[in-house]
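Protein chains get the first letters and strands the later ones, always in sequence-line order, with residue 1 at the start of each. Just so it is clear, the structure is predicted and the values come from calculations on it, not from any experiment.
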Amino acid sequence: MTDFERRSIISGIGQSAVGRRLGRTGIDLTIESALAAVADAGLDLTDIDGLASYPGAGIGGEGFTGPGTPEVQDALRLNLNWHSGGLEGAAQIAAVINAVMAVGAGLARHVLVYRTVTESTEQGSGGRAGIGVGSGDAGVATKGIGGPFQWSIPFRAYSAANWLAMSAQRHFHEFGTTPDQLAMIALNARRNAGRNPNAIYRDPMTLADYHASRMISSPFHLFDCDAPVDGSTALVVSRVEHASALDHPAVGVEAMGTALRGRPSWDQFDDMTTMAARDAGAQLWTRTDLTPADVDVAELYDGFSFLTMVWLEALGFCGKGESGPFIEGGGRIALEGELPVNTHGGQHSAGRLHGFGHIHEACVQLRGEGGERQVGGSVEVAAVANGGGPIAGAMLLTRHR
Amino acid sequence: MAEVEADARFRVPPALSDENRSFWTSGAEGTLRFLRCQACGYYLHPPSPRCPNCGGTELVPEGVSGRGTIHSFTVNHQAWDGDDTPYAIVLVEMPEQVGLRLTSNLVGCPLDEVHIGLPVRVVFEHRGDVWFPLFERDEP
Ligand SMILES: [Zn+2]
């Protein structure tokens, strides 16, 4: 138990238009979400003295990275006491975690945090590219690939779809997990998206639809993979003292999980059925008196559906290897179930906002602003997790009192 | 050990360096090699300048049996590189050390017969400066 996290709140949230091929620039979308978040926090741009993002510019295609922090700082003419952007760390949510640390350390009072993607516009009408064969890596095919990807790309394992498919296959083998159980993640997401006016895919999906979707990399069907979109999500992390100035409930930061104890590799990690989520998830509970039974809603990363199962186990909502039976039939993780999961529709049906959609939704639920998809009763505690494979980060958020 | 005909139309090659060359060219002698600590016997993969097990720095590429078992796999259907023929990506664990694994491809095996636990042995696909270690079913 520590009180460090509780020095911070999430005081405001904002989201730009989200959709397929919006044809708008990343900075344009970012300004939209940032202004919304700052206004929601009851602040002016002049109050913002910290800025954080994931992953920062220059580390991949612009559709993936969004604008870097210097571009956003300049566009909004922010005066910053602290700023940070980067790809390495506890997954996408590391940007929020970094902001909490900056506020806790007294380096900043109000940190604007954002994640912007324009992957749908960048992709255009073509298919999703794998690493090493995409337009952004034109030199790789001739010069060769170095670094960690040299151990997968030469074997045509181009995508996280391939790497995580092997993780899922191992889970199937060790624990008897079935394709029908896996399907529940996508089906649950689609059902929830039907109640979210901002989701991109809202038509009902049946188990037969799921199985009819084409195979990408066994056991992953197309509907196990998230849907690239354009959109920006922003939030403001503030000192806890700001809570009383808000016209809505503040979201409290209760605990964070950032640990990585296994080998940071997609294929050398000791336990392929869980990987880094195991470490970040376990660490999270060492920093709070709350337990998994206290969690009212869980927004668990689903870049590939299997990752939500990994997080259910890693965060202790079910036993190791038991996520298949836990989600069987979908009732337990439904909006009206004992642990509603990915209440906005996840990245499958609400779009690949790359972890920040989950963070945003956790705040929406804690504030009671979910509309048709609001979880019943009082939502006091939300778990949110990002990442997969050797990359993982998690936070426990509360309705601030 | 055998060399095989090019299994795929296209492979992105590794960028060879002093650190990784011994691995990617080991097929030239028909043997799969990993860097091995001479003090404690630990195999280092990927290659690294210091043994993480004992701190030893006398590290030498050494051949292994080339046999292993499929720790996990996936049959890929997505045409990432323009080729839409399904193929098997496998994660092979070597018997020489727990957790010593290679991502690779299983060749010469019907895709519906790939399964976890399948015994396999290395074969090399030679292209340019590189011998890609692939695997085939290890028939008894
Ligand atoms: Zn050693």
### Query
OG/Ser152(A) to CG/Leu91(B) distance, rounded to the nearest 0.5 angstrom?
11.0 Å
### Message
Check whether Ser72(B) reaches the backbone of Gln169(A) with its side chain - one donor and one acceptor, N or O, closer than 3.5 Å.
### Response
no
### Query
For Ala161(A), is it the side chain, the backbone, both, or neither that has a heavy atom closer than 4.5 Å to a heavy atom of chain B?
side chain
### Message
Can you tell me how far apart CD1 (Ile145(A)) and CZ (Arg11(B)) are? Round to the nearest 0.5 Å.
### Response
14.0 Å
## Note on the structure
The interface call for Asp267(A) against chain B, heavy-atom contacts under 4.5 Å, is both
#### Entry: Interface moiety of His71(B) toward chain A, non-hydrogen atoms closer than 4.5 Å
both
### Over 12 non-hydrogen atoms of neighbours within 6.0 angstrom of CD in Glu113(B)
yes
### Task
Count the heavy-atom pairs under 4.5 Å between each of Phe132(B), Phe23(B), Trp24(B) and chain A, then report the option with the highest count.
Trp24(B)
### Residue pair Phe149(A), Val12(B): steps toward the side chain to side chain contact (heavy atoms under 4.5 Å, CB included) verdict
CA-CA 10 Å; Phe149(A) 292 133; Val12(B) 176; over 6 Å; no
### Query
So, for Pro13(B) and Pro154(A), which heavy atoms are closest and what is the spacing to 0.1 Å?
C-CG, 4.5 Å
### Query
Between Arg156(A) and Ile89(B), is there a donor-acceptor pair closer than 3.5 Å when you use the side chain of the first and the backbone of the second?
no
#### Entry: Nearest atoms (heavy-atom pairs only) where Asn162(A) meets Asn76(B)
ND2-OD1, 2.9 Å
### Message
If you count heavy-atom pairs within less than 4.5 Å of chain B, which of His173(A), Gln268(A), Met272(A), Arg214(A) leads?
### Response
Gln268(A)
#### Entry: Leading residue by heavy atom contact count with chain A [cutoff under 4.5 Å; candidates Asn105(B), Val98(B), Leu134(B), Val130(B)]
Asn105(B)
### Task
Heavy atoms only, distances under 4.5 angstrom: which of Ser104(B), Gly99(B), Pro86(B) has the most pairs with chain A? Name it, please.
Ser104(B)
### Message
Out of the candidates Ile70(B), Thr74(B), Ile116(B), Val90(B), only one should pair with Met166(A) under the side-chain contact (heavy atoms from CB on, under 4.5 Å) rule; please name it.
### Response
Thr74(B)
### Task
Name the member of His77(B), Arg101(B), Glu93(B) that forms the most heavy-atom pairs with chain A at distances under 4.5 Å.
Arg101(B)
### Task
Nearest 0.5 Å please: distance from the OH atom of Tyr87(B) over to the OG atom of Ser217(A).
7.5 Å
### Message
Quick check on Phe269(A) against chain B: is it the side chain, the backbone, both or neither that has a heavy atom closer than 4.5 Å?
### Response
backbone
### Enclosure of Asp138(B) CG (heavy-atom neighbours >12, cutoff 6.0 Å)
yes
### Message
Classify the ring geometry of His45(B) against Trp151(A): parallel below 30°, tilted from 30° to 60°, perpendicular beyond 60°.
### Response
perpendicular
### Task
Answer with side chain, backbone, both or neither: which region of Asp83(B) has an atom nearer than 4.5 Å to a non-hydrogen atom of chain A?
both
